[in-house]
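Notes for the one structure printed next.
Computed from heavy atoms alone, side chains included, the values below leave out hydrogens, waters and symmetry copies. Just so it is clear, the structure is predicted and the values come from calculations on it, not from any experiment.
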Amino acid sequence: MIRRPPRSTLSSSSAASDVYKRQYQRRVRGTKQPITMGAAKAKKKAGPTAKERVAKDAAAKASGEKCKICMTTFQSTVKPASLKQHAESKHPKNTPADCFPNVKF
């Protein structure tokens, strides 16, 4: 973390401005280069890592059931009877298994 002295004066030759200059020089000369906007954009373009993809998949599975026809989501605590009622009332031409293939009715 970069320490910042209190701003007692706005003069460019003050001791405060020298501290800022020295901190920047240390970061450039040292092993840690200042992070540029280009590095952040490159990481964003690279996409999620394998660990992030696994976490996202686990969160999607834990979120509950999703109707395959109308994409309505239901909590993971919902009972199969409620899912069957949804399928019969909203999608009368399809079977409940078409709407929720992972649920046994």
Side-chain angles (χ1 to χ4, degrees):
M1 186 170 158
I2 298 174
R3 288 190 62 221
R4 302 265 189 236
R7 290 192 174 229
S8 57
T9 177
L10 298 176
S11 171
S12 61
S13 64
S14 70
S17 67
D18 293 339
V19 171
Y20 294 129
K21 290 175 189 173
R22 283 195 306 266
Q23 287 176 351
Y24 181 73
Q25 289 172 353
R26 277 191 218 127
R27 288 190 72 192
V28 171
R29 289 183 196 155
T31 58
K32 292 185 176 181
Q33 291 289 330
I35 297 173
T36 61
M37 288 299 289
K41 287 182 181 178
K43 184 180 179 194
K44 188 175 181 180
K45 281 187 177 181
T49 61
K51 188 176 181 179
E52 292 169 341
R53 284 192 299 268
V54 168
K56 187 177 178 182
D57 291 342
K61 287 180 182 176
S63 66
E65 295 296 325
K66 189 174 191 180
C67 178
K68 300 296 180 194
I69 297 171
C70 64
M71 299 300 174
T72 302
T73 56
F74 296 90
Q75 292 182 352
S76 59
T77 57
V78 71
K79 297 180 180 176
S82 298
L83 298 176
K84 186 176 181 180
Q85 181 184 6
H86 165 81
E88 291 171 351
S89 64
K90 300 290 182 181
H91 314 293
K93 294 181 181 178
N94 299 348
T95 64
D98 292 339
C99 293
F100 305 102
N102 299 332
V103 178
K104 296 184 180 186
F105 295 102

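The nearest pair of heavy atoms linking A87 to P96 is CB-CA, 3.6 Å.
Side-chain contact check for H86 versus C70: some heavy-atom pair is nearer than 4.5 Å. Using a 4.5 Å heavy-atom threshold, the side chains of D98 and H91 count as separate.
Residue C99 holds its SG atom at 5.5 Å from CG of N94, rounded to the nearest 0.5 Å. Within the model, atoms OG of S82 and CD of E65 stand 12.0 Å from one another, a figure rounded to the nearest 0.5 Å. In this structure, NZ in K66 is found 12.5 Å from CG in N102, a value given to the nearest 0.5 Å.
Atom CD of E88 has more than 12 neighbouring heavy atoms from other residues, nucleotides or ligands inside a 6.0 Å radius.
Under the 4.5 Å side-chain heavy-atom criterion for ILVMFWY residues, no single connected hydrophobic cluster contains both I69 and F100.
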